[in-house]
Amino acid sequence: ASGKSAASHIFDLLYIFKNNLRKMATQVKQFLNGYKDDVSKSLRDASKPWTKVFDTVEEKTGVDRVNIFVGAVGLCAIYLIFGWGAQLLCNIIGVLYPAYISIHAIESSTKQDDTKWLIYWVTFGIFTVIEFFSSLLTSVIPFYWLLKCAFLIWCMLPTEQNGSTIIYNKLVRPYFLKHHESVDRIIDDGMKKAAGVLKHD
């Protein structure tokens, strides 16, 4: 009886695990479909600088632009694993492209894009500081440049809830609201002391 009870218990656990796995797979699929819809919408946005390029490529190849985008990301991923100058490519993707789009945002009439890219640069700056003091990451973590590039792309995805927005709202903003008054006082005191020193000189 005890043997049957134990076996029954195991089967119950396996059944629960299977159901949870199905629910998780459904949630992941819905999550990815949501991102796919957002990316597809952005790739067709006439105000974006890349839309004309995708219009031309899609027209000449007959391949949906979302699949073209995914293929381009896949090629970049392969190069970041096996190619020469992976760090350079990662920095081009993580710095030059956002800088170019940030200039577009500054010159646009709306301020929504400005806020979005300011959030990206805050996230990028924090990550860069952490990376500087954790230089061993590049030698210890396999495929580091691929992972970093994937992280930066996630942070700049043309969606409402991309990585930088999530990180800012979940981590950076709560910490800032909690401690910014103390930091502001320290900065003000430092500025006053520096001004006093300069006056005496």
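Numbering of residues begins at 1 and proceeds along the displayed sequence.
To the nearest 0.5 Å, the span separating CD1 on Ile93 from CE on Met156 amounts to 7.5 Å. Separation of atoms CD (Glu107) and CD1 (Ile103) is listed at 8.0 Å; rounding is to 0.5 Å. Here the CG-CG distance, from Leu152 to Leu147, works out to 11.0 Å after rounding to the nearest 0.5 Å. Atom CD1 of Ile186 is separated from atom OG of Ser182 by 6.5 Å, given to the nearest 0.5 angstrom.
Phe127 has its side chain out of reach of Ile167: every pair of non-hydrogen atoms, C-beta onward, lies at least 4.5 Å apart. The side-chain heavy atoms of Leu80 and Cys90, taken from C-beta on, include a pair separated by under 4.5 Å. Side-chain contact check for Val172 versus Val122: some heavy-atom pair is nearer than 4.5 Å. You'll find the side chain of Ile68 reaches within 4.5 Å of the side chain of Thr61, heavy atoms only. Between Asn162 and Trp154, every side-chain heavy-atom pair lies at or beyond the 4.5 Å cut-off.
Cys155 and Ser164 make their closest contact through O-OG, 2.7 Å (heavy atoms, listed as atom of the first residue, atom of the second, distance). Here the closest non-hydrogen pair linking Asp114 and Ala105 is OD1-O, 2.6 Å.
Cluster membership check: Phe151 shares its hydrophobic cluster with Phe143, using side-chain heavy-atom separations under 4.5 Å among Ile, Leu, Val, Met, Phe, Trp and Tyr. Tracing side-chain contacts under 4.5 Å through hydrophobic residues (I, L, V, M, F, W, Y), one never reaches Ile187 starting from Tyr175; they form parts of separate clusters. Placement of Leu146 and Ile92 in two distinct hydrophobic clusters is found when ILVMFWY residues are connected by side-chain heavy-atom separations under 4.5 Å, directly or transitively. Hydrophobic clustering, with ILVMFWY side chains joined whenever heavy atoms are under 4.5 angstrom apart, groups Val53 together with Leu157. Cluster annotation: Tyr144 and Ile81 are assigned to the same hydrophobic cluster (Ile/Leu/Val/Met/Phe/Trp/Tyr, side-chain heavy-atom contacts under 4.5 Å, transitive).
Pairs of residues two or more places apart, or lying in two chains, that qualify as side chain to side chain donor-acceptor pair (under 3.5 Å) and include a residue from residues 64-75 are Arg44-Asp64, Asp55-Arg65, Glu58-Arg65. Each side chain to side chain donor-acceptor pair (under 3.5 Å) pair with one or both residues in residues 91-104, not counting sequence neighbours, appears once here: Tyr100-His104, Ser102-Trp121.
Checking each of Ile126, Leu118, Ile119 against Tyr168 for a side-chain contact (heavy atoms from CB on, under 4.5 Å) leaves exactly one that passes, namely Ile119.
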Determine, step by step, whether Leu89 and Trp145 satisfy the side-chain contact (heavy atoms from CB on, under 4.5 Å) criterion, reporting the C-alpha distance in whole Å, the side-chain angles of both residues, the deciding distance to 0.1 Å, and the verdict.
-> CA-CA 9 Å; Leu89 177 59; Trp145 298 115; over 6 Å; no
Could you check Gln161 against Ile166 for side-chain contact (heavy atoms from CB on, under 4.5 Å), going step by step and ending with a plain yes or no?
-> CA-CA 6 Å; Gln161 291 295 317; Ile166 293 171; 3.8 Å; yes
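Using bins of under 30°, 30° to 60° and over 60° for the plane-to-plane angle, the ring pair Tyr120/Trp117 lands in the perpendicular bin.
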